[in-house]
2 protein chains.
Amino acid sequence: MTTDFTGGGDPRRSIELLWGLPPGPRPGPKPRFAVADVAAAAVEIADADGLGALSMRRVAERLGVSAMSLYTYVPGKAELIDLMFDRVLAEAPRDTVPLDEASGGWRDRLEAIARQNFALYQRHPWLLQVATSRPPLGPNVVAKYDHDLRAVDGVGLGDVEMDLVVQMVGDFVHGAARTAVAATQVAQRTGLTDEEWWERAGPALAKVYDPDATPIATRVGAAAGAEYNAAVDPSRAFEFGLARLLDGVAALIERATG
Amino acid sequence: MTTDFTGGGDPRRSIELLWGLPPGPRPGPKPRFAVADVAAAAVEIADADGLGALSMRRVAERLGVSAMSLYTYVPGKAELIDLMFDRVLAEAPRDTVPLDEASGGWRDRLEAIARQNFALYQRHPWLLQVATSRPPLGPNVVAKYDHDLRAVDGVGLGDVEMDLVVQMVGDFVHGAARTAVAATQVAQRTGLTDEEWWERAGPALAKVYDPDATPIATRVGAAAGAEYNAAVDPSRAFEFGLARLLDGVAALIERATG
DNA sequence: TCTTATCTCCTTACGCCGTACGGAGTTCGT
DNA sequence: ACGAACTCCGTACGGCGTAAGGAGATAAGA
């Protein structure tokens, strides 16, 4: 699968679209929709059938217009994906709550952030496939960055360290969500359950696989498979990784606050 | 960008392809290439121009055959990507070295693993776009799993914990590499340097962005931007995250070995 | 040696995709 | 009343993965 990219065109136009200035009175017929309606339709399609099923023609069909009409709302598909991206980020809980800690300590807050993001990826798996070089600087992207940073504000970290911690959590969550979503979707995408897959692949693999060539993989793979009742247990992997990660941050904060 | 998916077809056939049984004498003309040649050509294209530029027609052209001829080597594009995936994993250093630690402690070893993987993603950025639900169980995928596990073997962790640690490192590295690769490619992909981009987007953003609405993002973003001389510093983010992560693992091992 | 099954490789074609181009009809400022 | 600016659409181009089927080569079995 090739990933879809964001933001190819004119940056100024992209920013204006993202922040959605209300259209002044202009010549020509009134537009049938708002730009947000187009983004909403696109999100629905991507949620339901994946980014691979998202096409301009399909979005247009859902809105009841022709494909080319979309180009009066959006310069192209890349910008549409920018809008989708910013749009779904609006779903995140957005406590503008006190700067000094609201509930529990930083650890609870950072953990909550990680869980929110993990859940977001599960609601919109296509987010994982969007390559956000130069993430679309829409209102919700900024708001979410602010929201995430709040978790580690005022706990003794410098501004740059705060940014790095949030990035680290984001990177890990992205990776863990990727595994989790893959595990969820694999059966429906391939039309084969894990069991059916092994039924077919197993005998062939038995012929070529030498357990003694990679003894540790053999041992650990077997132990993990038995424990998970599957090749992976994504939610356990997420919980485990998150706990380690927070321990690492704790060590940093202890060192910083002396 | 839509991601390309691996492994849609018959599992048995996939396994056989991956492990490459030598072809016995059969009726019909001798094949012009080996399956590995096809995979090699595909990897070259993806390395050079990205996964988006990888098409069956293009691979065929590079090999000097027609597009449809490829289908005598490979059932489809998904399986070809499986082969590419397994192929590039062969590049990883593969010390079958002693099970008891070779160089330094587990921390040095695990750090080395992370760096190797980070570098691998940089050599083959398209790996980041391959959605590996049910990773292709080729010889090199297995060997790499074994290799990674060696870093944390015999340090007091249980088998399942070893698997989880390796998964966690993999998830984080994937995420960090994604950011790093995006930052590297963004200029050439969009045709705009960061500076040019800000020149165009900046004025528009200034009109809509309210610094006081998201004060922490404003403050931290400014501090980070000044420190990095850019929006992100991917290699610093990698180093920082990795250090925290290893601290977290250290805490786990201390607890385990009491 | 001849037949036949099976292989490689090819041409053609189908239904998708993003979107360039240009035309028709509508609505505003003047 | 005019003309500019707009929305919407039909058509078309060059790409994609790959289904279908044909031509020629090569092996095993008779």
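Just so it is clear, the model here is predicted, and its values are computed rather than measured.
Evaluation of the side chain to side chain contact (heavy atoms under 4.5 Å, CB included) rule for A:Arg236 yields A:Glu227, A:Tyr228, A:Asp233, B:Val160, B:Leu164 as partners, not counting sequence neighbours.
For B:Asp37 and C:dT8, the CG to C1' distance is 15 Å, given to the nearest whole Å. A:Tyr71 has its OH atom 19 Å from the C1' atom of D:dC6, to the nearest Å. Across the protein-nucleic acid pair, B:Glu79 atom CD and D:dG17 atom C1' stand 12 Å apart, rounded to whole Å. As a whole-Å value, the separation of A:Asp49 CG from C:dC16 C1' is 15 Å.
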Checklist entry - How would nucleotides 7-16 of chain D be written as a contact map, 5' to 3', with B for base contact, S for sugar-phosphate-only contact and - for no contact, using protein heavy atoms under 4.0 Å? => result SBBBBB---B

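Of the charged side-chain nitrogens involved, none lies within less than 4.0 Å of a carboxylate oxygen, so that B:Arg57 and B:Glu61 do not count as a salt-bridged pair. Ion pairing between a basic and an acidic side chain is recognised when a charged N comes within 4.0 Å of a carboxylate O; B:Arg123 and B:Glu91 show such pairing. Salt-bridge formation is detected for the pair B:Glu16/B:Arg12: a Lys NZ or Arg NE/NH1/NH2 atom is positioned less than 4.0 Å from an Asp or Glu carboxylate oxygen.
Looking only at side-chain heavy atoms (C-beta outward), B:Glu44 and B:Arg62 come within less than 4.5 Å of each other.
A donor-acceptor contact closer than 3.5 angstrom links the side chains of B:Asp163 and B:Gln167.
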